[in-house]
> 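Below you'll find the structure I mean.
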There are 2 protein chains.
Amino acid sequence: MQCDLIIIHEEAVEEVRQAMPEADQIERMAGLLKAFSDPTRLKILEALRQRELCVCDLAVIIEASQSSVSHQLAGLKAQQLVKFRKEGKVVYYSLDDDHVADILDRALEHIRHAE
Amino acid sequence: MQCDLIIIHEEAVEEVRQAMPEADQIERMAGLLKAFSDPTRLKILEALRQRELCVCDLAVIIEASQSSVSHQLAGLKAQQLVKFRKEGKVVYYSLDDDHVADILDRALEHIRHAE
DNA sequence: TGAATATATGAACACACAATCATATGAAGG
DNA sequence: CCTTCATATGATTGTGTGTTCATATATTCA
């Protein structure tokens, strides 16, 4: 390996470098998209896409433990992907952002496009 | 915990259950979106978004080792997110799907929307 | 054929993370 | 108050994964 020093296409490198997003933004994008990278979280998001749901219903629908769902919801909340409202003991979660549904749509398109 | 048995909102559960994507599709979506969940891979995708690039240039641009970039490219290729063409010793990679750019756009929007 | 170079790949290691279990919090009802 | 119930949270653990290092592959050129 020696191309660390001898850059093969210098203008290409320079050009692309300047158009790259800030490192900070990349990190935050990765953090956000990581929220979509797990089946349990994806199921939660797909379910909430239909309608507002409480933790217990979510657990039943996606067939996961209450604890697991609760933990994952905490993560999704941290990424501002879901919001909630309390009604007595019950906590209702819903999607917090339209981009969520958009991203899910694109992902599904890609999946289906690859037959 | 007892709501495994006593479903709180029975019709909600039934309704959402039927609208849920197949488990298989969820798995594949998660696999796809996992490709976006790492800063190194995100940088690669953002760079390739500008233009076709060889492995060596990519490594320089995103400041990662050649080996690391090569490994990650293999993963992206497996998800059919990038394609490549060979020209002598040099391998040029480029994005393989328009959905990729779309997903990146949505993610960036979300990030910026959260100030 | 042999040296140089661009990329790929395998093994190993350190670290992140999802699930579980146990327990805490907090609200409603008796 | 005390119990019940819905949800949250902390600790633990096993698994997955990104990086590195070393080496393999493959192509060009002398």
Side-chain angles (χ1 to χ4, degrees), chain A residues 1-9 12-13 26-27 30-31 33-45 52-79 82-94, chain B residues 1-9 12-13 26-27 30-45 48 52-79 82-94:
Chain A
M1 250 292 286
Q2 134 172 25
C3 51
D4 284 322
L5 304 169
I6 302 174
I7 296 174
I8 299 190
H9 307 96
V13 169
I26 293 280
E27 291 296 331
L33 289 162
K34 192 172 300 177
F36 292 84
S37 70
D38 174 71
T40 300
R41 285 191 295 271
L42 264 188
K43 286 178 201 163
I44 291 176
L45 293 174
E52 172 187 74
L53 288 165
C54 73
V55 177
C56 197
D57 288 349
L58 266 174
V60 173
I61 291 169
I62 74 174
E63 294 172 305
S65 72
Q66 174 270 324
S67 179
S68 179
V69 171
S70 204
H71 274 297
Q72 298 298 2
L73 282 170
L76 294 173
K77 195 162 55 181
Q79 290 294 337
V82 300
K83 59 176 186 259
F84 65 95
R85 74 184 171 83
K86 294 190 179 182
E87 196 170 293
K89 285 178 292 192
V90 182
V91 182
Y92 292 93
Y93 282 85
S94 54
Chain B
M1 249 292 286
Q2 133 173 23
C3 50
D4 285 322
L5 304 170
I6 303 175
I7 296 171
I8 299 190
H9 307 95
V13 168
I26 293 281
E27 291 297 331
L32 167 68
L33 289 162
K34 193 172 299 177
F36 293 84
S37 70
D38 173 72
T40 300
R41 286 191 295 270
L42 265 187
K43 285 177 201 163
I44 291 176
L45 294 173
L48 292 182
E52 172 188 73
L53 288 165
C54 73
V55 177
C56 198
D57 288 349
L58 266 174
V60 173
I61 291 169
I62 74 174
E63 293 173 305
S65 71
Q66 174 269 323
S67 179
S68 180
V69 171
S70 204
H71 274 297
Q72 299 297 4
L73 282 170
L76 294 173
K77 196 162 55 182
Q79 291 294 335
V82 300
K83 58 178 188 261
F84 65 95
R85 73 183 172 85
K86 294 190 178 181
E87 196 169 293
K89 284 178 292 191
V90 183
V91 182
Y92 292 94
Y93 281 86
S94 55

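Throughout, a chain's letter reflects where its sequence line sits, starting with A, and its residues are numbered from 1. Small disclaimer: the values here were computed from a predicted structure and weren't measured.
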> Classify every nucleotide of nucleotides 18-23 of chain D by which part a protein heavy atom approaches to under 4.0 Å, writing B for the base, S for the sugar-phosphate alone and - for neither, in 5'-to-3' order.
SSBBB-
> Would you call A/Leu58 and A/Leu73 a side-chain contact if the rule is heavy atoms closer than 4.5 Å?
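Yes; the side chains approach each other to less than 4.5 Å.
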> Nearest whole angstrom, please: distance from the P of C/dC17 to the CD of A/Gln79.
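In whole Å, C/dC17 P lies 11 Å from A/Gln79 CD.
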> Round to a whole Å and report the spacing from NE2 of A/His9 to C1' of C/dT5.
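Computing the A/His9:NE2 to C/dT5:C1' distance gives 14 Å.
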> Yes or no on side-chain contact (heavy atoms from CB on, under 4.5 Å) for B/Ile44 and B/Leu53, after CA distance, side-chain angles and deciding distance?
CA-CA 10 Å; B/Ile44 291 176; B/Leu53 288 165; over 6 Å; no
> Categorize A/Tyr92 for me: base, sugar-phosphate, or nothing, with a 4.0 angstrom heavy-atom threshold over every strand shown.
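Answer is nothing: A/Tyr92 stays at 4.0 Å or more from every strand.
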> How many whole angstroms separate atom CD1 of B/Ile44 from atom P of C/dT7?
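It is 13 Å, rounded to the nearest whole Å.
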> What's the CZ-C1' distance between A/Phe84 and C/dG26, to the nearest Å?
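Whole-Å distance recorded here is 13 Å.
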> Is there a side-chain contact (heavy atoms from CB on, under 4.5 Å) between A/Leu45 and A/Val82 once you walk through the steps?
CA-CA 8 Å; A/Leu45 293 174; A/Val82 300; 4.1 Å; yes
> How many whole angstroms separate atom NZ of A/Lys77 from atom C1' of D/dT9?
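Result: 11 Å.
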> Return the set of residues passing salt bridge (Lys or Arg N to Asp or Glu O under 4.0 Å) with B/Glu27 (not counting sequence neighbours), or none when no residue passes.
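Scan of B/Glu27 (salt bridge (Lys or Arg N to Asp or Glu O under 4.0 Å), adjacent residues dropped) gives none.
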> Working to the nearest 0.5 angstrom, can you tell me the gap between B/Cys56 SG and B/Lys89 NZ?
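Going from SG on B/Cys56 over to NZ on B/Lys89, the span is 11.0 Å.
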> If you restrict it to nitrogen or oxygen atoms, what contacts under 3.5 Å exist between nucleotides 26-30 of chain D and the protein, and what is each distance?
none

> Just how far, in rounded Å, is C1' of D/dC5 from CG of A/Asp57?
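Atom-to-atom, A/Asp57 to D/dC5, this comes out as 14 Å.
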> Could you go step by step and tell me if B/Lys83 and B/Ser94 meet the side-chain contact (heavy atoms from CB on, under 4.5 Å) rule?
CA-CA 6 Å; B/Lys83 58 178 188 261; B/Ser94 55; 3.5 Å; yes
> Report the distance from atom CG of A/Leu33 to atom P of D/dT17, rounded to the nearest whole Å.
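Spelled out: CG on A/Leu33 to P on D/dT17 is 16 Å.
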> Between B/Leu42 (CG) and D/dT17 (C1'), how many Å, whole number?
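That distance rounds to 16 Å.
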> Just by modelled atom types, is the B/Lys34 backbone N or O under 3.5 Å from a matching donor or acceptor in the B/Ser37 side chain?
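Side chain of B/Ser37 to backbone of B/Lys34, a donor-acceptor pair under 3.5 Å: yes, one is there.
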> Output the distance between atom CZ (B/Arg41) and atom CD1 (A/Ile26), rounded to the nearest 0.5 Å.
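So the CZ of B/Arg41 and the CD1 of A/Ile26 are separated by 12.5 Å.
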> May I ask you to verify if any side-chain N or O of B/Tyr93 is less than 4.0 angstrom from the OP1 or OP2 atom of C/dA6?
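Answer is no, no contact under 4.0 Å.
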> Is it the case that over 12 heavy atoms from other parts of the model lie below 6.0 angstrom from the NZ atom of B/Lys77?
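Atom NZ in B/Lys77 is crowded, with more than 12 foreign heavy atoms closer than 6.0 Å.
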